[in-house]
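What follows is one structure encoded as C-alpha cells, with my remarks underneath.
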Amino acid sequence: MSNPLLDTSDLPRFADIRPDHVMPALRQVIAGNRRKLDGLLASDKADFDSIVRPLESMEHELARVWSPVSHLQGVLGSADWREAYNNALPLLTEYGTELSQDVRLHDAYTRVAGTLDGDGTGPERSTVNHALRDFRLAGVDLPADKKERFKAIMQELAATKAKFEQNVQDASDAWKLGIDDLDELAGLPAQTIGRARADAAADGRDGWLLNLDYPTYDAVMRFADNRALRENFYHGWVTRASDEGANPDWDNSANIRRILELRLEASELVGFANYAEYSLATKMAASTDQVTDFLDELAARSREAASRELNELTELAGMSVEPWDLAYWLEKLKRAKYSVSDEELRPYFPAATVVAGLFALASRLYGLSISEVPGVETWHETVVYYRVSRDDGEVLGGFYADLHARSGKRSGAWVDDCVNRMRMAERAVLPVGFLVCNFPPPDEAGTALLGHDDVVTLFHEFGHMLHHLLTRIDYPSIAGINGVPWDAVELPSQFMENFAWSREVLERCSRHTDTGESLPASLFERLEQSRHTGAALGMLRQLEFALFDFHLHADFRPGGNTGPLDVLDRVRQEVALLEPPAYNRFSHSFGHIFAGGYAAGYYSYKWAEVLAADAFAAFEEAGIFDPATAARFRHEILEVGGSRDFMEAYVAFRGREPRLEALLRQHGIE
Ligand SMILES: [Zn+2]
C-alpha cells in the first residue's frame, strides 16, 4: 500500500506519513464510505447488524486515518502540517453534515430502533439512541426550507464565531506598553522581563516592551509591585474587543448579539425553547433549573469563605483591594503563610520518577501493568510508547507519551485518541491514545524536573487516558470517552488529580535529584496547606462566568432587556464580592462561550469537579487504595463509555447522587 495513512493494519507509520498523503487518503476513505452507504441503504434490511455495525466500522476507519493527521498538526506545528490539516477540515465537515442530515440513513436508524428488544439500555440501544439524537440536533427531520435555513445558520454562526475570535486576537496583539525604567517592572519574574527586553529590541527600541498575551498578563497581575502597571494591564485585558477598547473595528458587541440570535433561532427550529435547553440535550444535567440551582447553591455556600479570604487580603494589603490587586496579594499571602515555592519542590520531581510512581498507582488501584515497548515508530525521539495490560495478562491497549516542550509544539496538555476500541464479529481493535504535555525538556544528563503543578497535570491527563483505555464497550461511537456527556468528561481526569495531593503517592513519585530522598513530610504539609489559598474567591469568579453564560443562553430574546450587560449586572448582584469598574467588558473576549464549545456549558467545569471530589471522597472513606472501591469506579465509570445514562452510572458507583460537600471541603470552604 503506497499511502501510509491508509495502512491501518497496525500502529500509524509515523516515519512514513507526510502532509501530502492527507488529502488523497481522506478522499479515498470518504468516497469508499459513500459507496458503502449507498449499498447499505439500497437493501431492504434495516437491523443492527446490517446498518449500525457497518456504519460504526466505516466511521472508525475514517477516524483512524484522520487521528494521526490532527495529532501531528498539533505536536509538530510545521507550516506544511497546518496547511494539510486546514485543507482537510472542510472535506470532513461537509461529509459529517451530509451524514447527520441524511434522511435515508435517519429512517434506517429509526427502523433499527424498532427492531431492538424492549426498552433496555444496553450498548446496542445506546448506540442507536445517540445517533438518533444527533440526527435530530442536526435538523434531519425538518422540511426542506427549514433544513436549508438550519444549514445557513450553522454557516453564519461558524463565520461569526471565527470573527469574534479574530477580533480578540487582533485587539490583544495591538496592545503594547513601552517601559523605560526597569524599576517600573519590580517584582516580575526574570523570564518575563527578559522577554520584554527581547520584544523591545525586536521592535527597534530601548527599554522593555510588554505585550498583552496571557503569560505576560498573568505574571503582571500576580507579581508586579507597581500598582499602576497592574491597573493599566487590567484595563487593557477587560476591554479587549469591546466598545471600551482602543479600536471600534474590533468591537465584538454586534457579534455577540448575532451569535445569540442565531443560536436561539437554530434551537427553536429543532424544537427547543432556547439555546440552554439545546445545549443540555447532550449533557448529564437534566434541566436548566437543575443547572442554575446547582450554581446558585455553590455560590451561596462559598460566599462567606470568599469574604473571609477577601478580608484577609485587605488586612495584608493594608488598603481596600481592587480587582487588579487580587492575584498579587494572593501570591504574597501564600508566601507569607506557607513559605512554599516552586523552586524548592522541583528537584524532588524528576519526570521519570513521577511517571514510575504514577504507573505504580495504576497497578495498585486497577491491577494494570504498563511497560515501555521499544522500537515503536514515533514522531520525536523523546516520545515513548507504552503497552497497558491487566494482571491476568490481557492486553488492553497502549499509548504514546510526548511529555516535553519543544519548538513548534502546541502549548498545553491533552489526551487524544489514536485508535478507538472496536470489537465486532469481523474485527477486534484495541484502543490506543496520545498523551501530550509541555513539561520542561530534559537537561544534558537526560533529567527533566517537574513542578508540582506539572505533576497534577500529568495525573489529570492520565485520568483521561484510563477512561480511553479501560473501556469494555465494543462500538466505537460510545466507547471510552466517546459519547460521554460534556459535563462528565472531566470526571476521570479531575478525580486522578486528587492522588497528586496524597502524601503516600507523592513519596513514590519523588526522589531529590541530588540527595535521592523522597519529599519530606514538612514540605508536603506546607504544600498541602497552600492548596486552599484563594480557593473560595476563585470559586465565586468561576461561578460568575458560569451563571452569566447559562442565564444569557436561557433568557436572551432579540430586542428585550436580556442582553449581555443586563444579565451580567444581575449575576454580579447575586455573586460578586468585588464591584468591577464600569468599563469592564470581559464578555467581549469570553471565547469559551462565544467562539468555542462551551456555550451554555461553562458550568461543566464545576459540575465535573463536584463529581470528581465526591467520587474521591468515596475512596477517602474506604482508604484511598481500597481495591473494592477502585474496582467499582472502574467498572461503573471507566469501563462504560457513553453506553449508560451517566447519572445512573454514577449512582451505581457511589450508591447515591453526587453531593457538593466534598468539593467545598477540598476548597477549604466547609
Ligand atoms: Zn481534562
Side-chain angles (χ1 to χ4, degrees), residues 168-241 244-247 313-347 405-407 411-412 438-441 443 449-454 530 533-534 537 578 580-581 583-584 586 589:
V168 175
Q169 193 65 49
D170 289 346
S172 307
D173 289 349
W175 196 98
K176 295 188 187 308
L177 186 65
I179 302 280
D180 298 322
D181 183 355
L182 186 57
D183 290 346
E184 289 189 46
L185 301 181
L188 283 178
Q191 204 189 348
T192 312
I193 295 177
R195 211 168 49 227
R197 180 72 204 99
D199 285 346
D203 207 40
R205 59 163 103 187
D206 291 335
W208 297 263
L209 189 65
L210 294 169
N211 292 306
L212 199 58
D213 54 72
Y214 183 76
T216 307
Y217 170 72
D218 184 56
V220 168
M221 297 313 281
R222 283 163 64 191
F223 301 114
D225 296 327
N226 180 349
R227 194 178 190 212
L229 179 67
R230 295 201 307 267
E231 185 174 359
N232 199 340
F233 257 79
Y234 175 84
H235 181 276
W237 189 257
V238 301
T239 59
R240 283 176 305 158
E244 292 281 342
N247 187 331
L313 288 183
T314 311
E315 206 165 291
L316 185 69
M319 60 178 171
S320 84
V321 170
E322 299 291 342
W324 47 89
D325 299 324
L326 263 185
Y328 177 77
W329 287 105
L330 275 171
E331 283 298 324
K332 287 257 186 272
L333 184 68
K334 225 184 257 187
R335 261 174 293 165
K337 256 174 106 170
Y338 309 115
S339 62
V340 60
S341 75
D342 199 45
E343 294 87 285
E344 195 182 352
L345 288 162
R346 204 172 274 278
R406 60 177 173 268
S407 121
S411 61
N438 269 284
F439 299 147
D443 61 15
L449 297 177
L450 308 190
H452 181 259
D453 52 347
D454 296 330
S530 73
T533 313
L537 281 167
L578 277 184
Y583 59 71
N584 183 306
F586 90 92
S589 56

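The analysis underlying the following values was restricted to heavy atoms, covering all of them including side chains, and did not include hydrogens, waters or symmetry mates. As the structure is a computational prediction, the values presented were derived from the model and not from experiment.
- Although no hydrogens or angles enter the test, the distance criterion places no donor-acceptor pair under 3.5 Å between the side chain of Thr216 and the main chain of Leu212.
- The line from CZ of Phe233 to CE of Met221 is 9.5 Å long, rounded to the nearest 0.5 Å.
- Checked by atom type and distance alone, the side chain of Arg222 never pairs as donor or acceptor with a backbone atom of Glu331 at under 3.5 Å.
- Residues Asn211 and Lys176 are in side-chain contact: their nearest non-hydrogen atoms beyond the backbone lie under 4.5 Å apart.
- Under the 3.5 Å distance criterion, the side-chain polar atoms of Asn584 are left unmatched by any main-chain donor or acceptor of Pro581.
- Using a 4.5 Å cut-off on side-chain heavy atoms (C-beta onward), Arg230 and Glu322 make no contact.
- Atom CG in Leu449 sits 12.0 Å away from atom CD in Glu343 (nearest 0.5 Å).
- When atom types are taken as modelled, the side chain of Arg335 and the backbone of Val340 share no donor-acceptor pair closer than 3.5 angstrom.
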Next item on the list: Carefully, step by step, assess Arg346 and Asp454 under the rule side-chain contact (heavy atoms from CB on, under 4.5 Å).
Entry: CA-CA 10 Å; Arg346 204 172 274 278; Asp454 296 330; 3.8 Å; yes
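- Looking at Tyr328, Trp324, Tyr217 one by one, the single match for ring pair (Phe, Tyr, Trp, His ring centres under 6.0 Å) with Tyr234 turns out to be Trp324.
- At least one side-chain heavy atom of Trp329 sits less than 4.5 Å from a side-chain heavy atom of Met319.
- With a 4.5 Å cut-off on side-chain heavy atoms, Leu578 and Leu537 do not count as touching.
- Using a 4.5 Å heavy-atom cutoff, the side chains of Leu185 and Asn226 are not in contact.
- More than 12 heavy atoms of other residues, nucleotides or ligands sit less than 6.0 Å from atom CG of Asp181.
- With a 4.5 Å cut-off on side-chain heavy atoms, Glu315 and Leu333 do not count as touching.
- Judged purely by atom type and a 3.5 angstrom limit, Asp173 has no side-chain atom pairing as donor or acceptor with the backbone of Asp170.
- Taking CG from Asp180 and CG from Asp183, the interatomic distance works out to 12.0 Å, rounded to the nearest 0.5 Å.
- Distance CG/Leu188 to CZ/Arg195: 10.0 Å, rounded to 0.5 Å.
- Rounding to the nearest 0.5 Å gives a distance of 4.5 Å between CD1 of Ile179 and CD of Glu184.
- Thr192 OG1 to Phe223 CZ: the interatomic distance, rounded to the nearest 0.5 Å, is 8.0 Å.
- Heavy atoms from other residues, nucleotides or ligands lying under 6.0 Å from OH of Tyr214 number 12 at most.
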Check: Where do Leu313 and Leu330 land on the side-chain contact (heavy atoms from CB on, under 4.5 Å) test, with the steps shown first?
Finding: CA-CA 7 Å; Leu313 288 183; Leu330 275 171; 4.0 Å; yes
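- Looking at Arg240, its side chain does come within 3.5 Å of a backbone N or O of Trp237 through a donor-acceptor pair.
- Smallest separation of non-hydrogen atoms from Leu229 and Ala224: CD2-CB, 4.0 Å.
- Of all heavy-atom pairs spanning Pro323 and Pro580, the tightest one is CG-CA, 4.3 Å.
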